A.B. asks: 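Quick one: the structure is below, and I'll ask about it shortly.
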4 protein chains.
Amino acid sequence: MCVSTLPPMTSPLNNLPLYRQLADLLAKQIEEGKLRPGQPLPSELHLQQTYGVARGTVRMAMRDLRDRGLVVTVHARGTFVAEQG
Amino acid sequence: MCVSTLPPMTSPLNNLPLYRQLADLLAKQIEEGKLRPGQPLPSELHLQQTYGVARGTVRMAMRDLRDRGLVVTVHARGTFVAEQG
Amino acid sequence: MCVSTLPPMTSPLNNLPLYRQLADLLAKQIEEGKLRPGQPLPSELHLQQTYGVARGTVRMAMRDLRDRGLVVTVHARGTFVAEQG
Amino acid sequence: MCVSTLPPMTSPLNNLPLYRQLADLLAKQIEEGKLRPGQPLPSELHLQQTYGVARGTVRMAMRDLRDRGLVVTVHARGTFVAEQG
DNA sequence: GTGGTCTAGACCACA
DNA sequence: GTGGTCTAGACCACG
């Protein structure tokens, strides 16, 4: 309901779409090692609730991360940090 | 194709731009209480079709009303009559 | 976590599987006219929460009702009481 | 509203999602030369109405075609058959 | 109980 | 008047 629980954006470069902001936030966690290869990301439902966005927005972020090669998605299992991350 | 199907205006103010005529028309409905605080305005598409104007015209009218403080727009939800109407 | 919160069943038929109990309960509501032809059933999520059952249970109950010809399911729209109910 | 104006599927292999069926249909037209390089595809709105699907479905089909390298999309202009098609 | 597909329809950015 | 983003919430396939 709130537009975002995403960290306040202080940079002027943040006119990015919400899904991109979410993707970047998760990408950062992967690159920093907070999410490690093989480890599952939070579920789509969890991400929706955590960040207060719609599921479609979460899915767009996931697709973004897949396109960057950072994660792999397994149907009915979850989305995981890519091994060669 | 965007010739005004706006209700005939008998006032001499018709030299105003279309978007302004539309904004004034909606403002009048708000001020008269036909559209009440918290209530959604008709969608952009509906306004286009009802008044036979182009989408940009509707958007300019909405911007006008926002600037006057008469309505608030919520992304992906709609435009609503402001509470302090 | 899926222990039945279904309304207390006083009948001896409680040895039936949960999904069957739920299907019977909904079938009864249809036959009694509490749910009328063309009317949507509660959503899968609502039924899960209302009766404290898992999603698969709800889906099995829906399948059961479809097999009995009591409801029709329309993709992405919902499940509705069949017209010849 | 009808599920599809897509040609009746006689093959048993057609358990494909709707967006994929639409993408394949357009891909076929491109490969057969009915849509030529540089030429615009029908607009998303037109495709929605022609095939009776939701916009999201059309957009998924467009993404599919972009991923296959068959089309390129230009914001606010349209989607065009790729030149090296 | 996850991700996958689909509907319906809103406003936005751009030309 | 196009494509882009976003909401909300439905049912489906799979494990």
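A, B, ... follow the sequence lines: proteins, then strands. Residue 1 opens every chain. In what follows, every heavy atom counts, from backbone to side chain, and hydrogens, waters and symmetry copies are set aside. Owing to the predicted nature of the structure, the values given are computational and were not obtained by experimental measurement.
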A.B. asks: The side chain of D:P17 lies closest to which of these nucleotides: F:dG3, E:dT5, F:dA10?
C.D. replies: E:dT5
A.B. asks: When you look at D:L25 and D:Y51, which way does the side-chain contact (heavy atoms from CB on, under 4.5 Å) test go after all the steps?
C.D. replies: CA-CA 11 Å; D:L25 184 154; D:Y51 297 107; 3.3 Å; yes
A.B. asks: What is the distance, to the nearest angstrom, from the CD atom on D:Q48 to the C1' atom on F:dG3?
C.D. replies: 12 Å
A.B. asks: If you compare all heavy atoms of A:T79 against all heavy atoms of A:M62, which two are closest, and at what distance to 0.1 Å?
C.D. replies: CG2-SD, 4.1 Å
A.B. asks: Output the rounded distance in Å from CG (A:L45) to C1' (E:dG4).
C.D. replies: 15 Å
A.B. asks: Taking C-beta and beyond as the side chain, do C:D64 and C:L22 meet within less than 4.5 Å on heavy atoms?
C.D. replies: no
A.B. asks: Can you tell me which nucleotide in E:dG3, E:dA10, F:dA10 comes closest to the side chain of B:S43?
C.D. replies: E:dA10
A.B. asks: Taking atom CZ of C:R36 as the centre, does the number of heavy atoms from other residues, nucleotides or ligands within less than 6.0 Å exceed 12?
C.D. replies: no
A.B. asks: How many whole angstroms separate atom CD of D:Q49 from atom P of F:dT2?
C.D. replies: 9 Å
A.B. asks: How close or far is atom C1' of F:dA13 from atom CG of D:L18, stated in whole angstroms?
C.D. replies: 16 Å
A.B. asks: Taking atom CZ as the centre, does D:R77 end up with more than 12 heavy-atom neighbours from other residues, nucleotides or ligands that are less than 6.0 angstrom away?
C.D. replies: no
A.B. asks: Can you tell whether the side chains of D:D24 and D:R20 come within less than 4.0 Å, N to carboxylate O?
C.D. replies: yes
A.B. asks: What are the two closest heavy atoms between D:L70 and D:A27, and how far apart are they?
C.D. replies: CD1-CB, 3.7 Å
A.B. asks: Could you give the CE-to-P distance, from A:M60 to E:dG3, as a whole number of Å?
C.D. replies: 16 Å
A.B. asks: Take the protein atom CE of A:M62 and the nucleotide atom P of E:dG3, then report the distance between them rounded to whole Å.
C.D. replies: 8 Å
A.B. asks: Is the shortest heavy-atom distance from the side chain of A:L65 to the side chain of A:L41 under 4.5 Å?
C.D. replies: yes
A.B. asks: Using the side-chain contact (heavy atoms from CB on, under 4.5 Å) rule, take C:L47 and C:L26 through it: C-alpha gap first, then chi angles, then the decisive distance, then the call.
C.D. replies: CA-CA 10 Å; C:L47 291 170; C:L26 292 168; 4.3 Å; yes
A.B. asks: In whole Å, what is the span from the CG atom of D:L47 to the P atom of F:dG4?
C.D. replies: 13 Å
A.B. asks: Specify the separation, in whole Å, of atom CG of A:L22 and atom P of F:dT5.
C.D. replies: 14 Å
A.B. asks: How would DNA chain F look in dot-bracket form, 5' to 3', counting Watson-Crick and G-U wobble pairs with both distances under 3.5 Å and writing | for bases paired to another strand?
C.D. replies: ||||||||||||||.
A.B. asks: Using a cut-off of under 3.5 Å, enumerate the N/O to N/O pairs linking the protein to nucleotides 12-15 of chain E.
C.D. replies:
residue, atom, partner, partner atom, Å
E:dC12, OP2, B:R59, NH1, 2.5
E:dC12, OP2, B:R59, NH2, 3.2
E:dC12, N4, B:R55, NH1, 3.3
E:dC12, N4, B:R55, NH2, 2.4
E:dA13, N3, D:H75, NE2, 3.2

A.B. asks: Please tell me if A:Y19 has a side-chain N or O lying less than 4.0 Å from either OP1 or OP2 of F:dC6.
C.D. replies: no
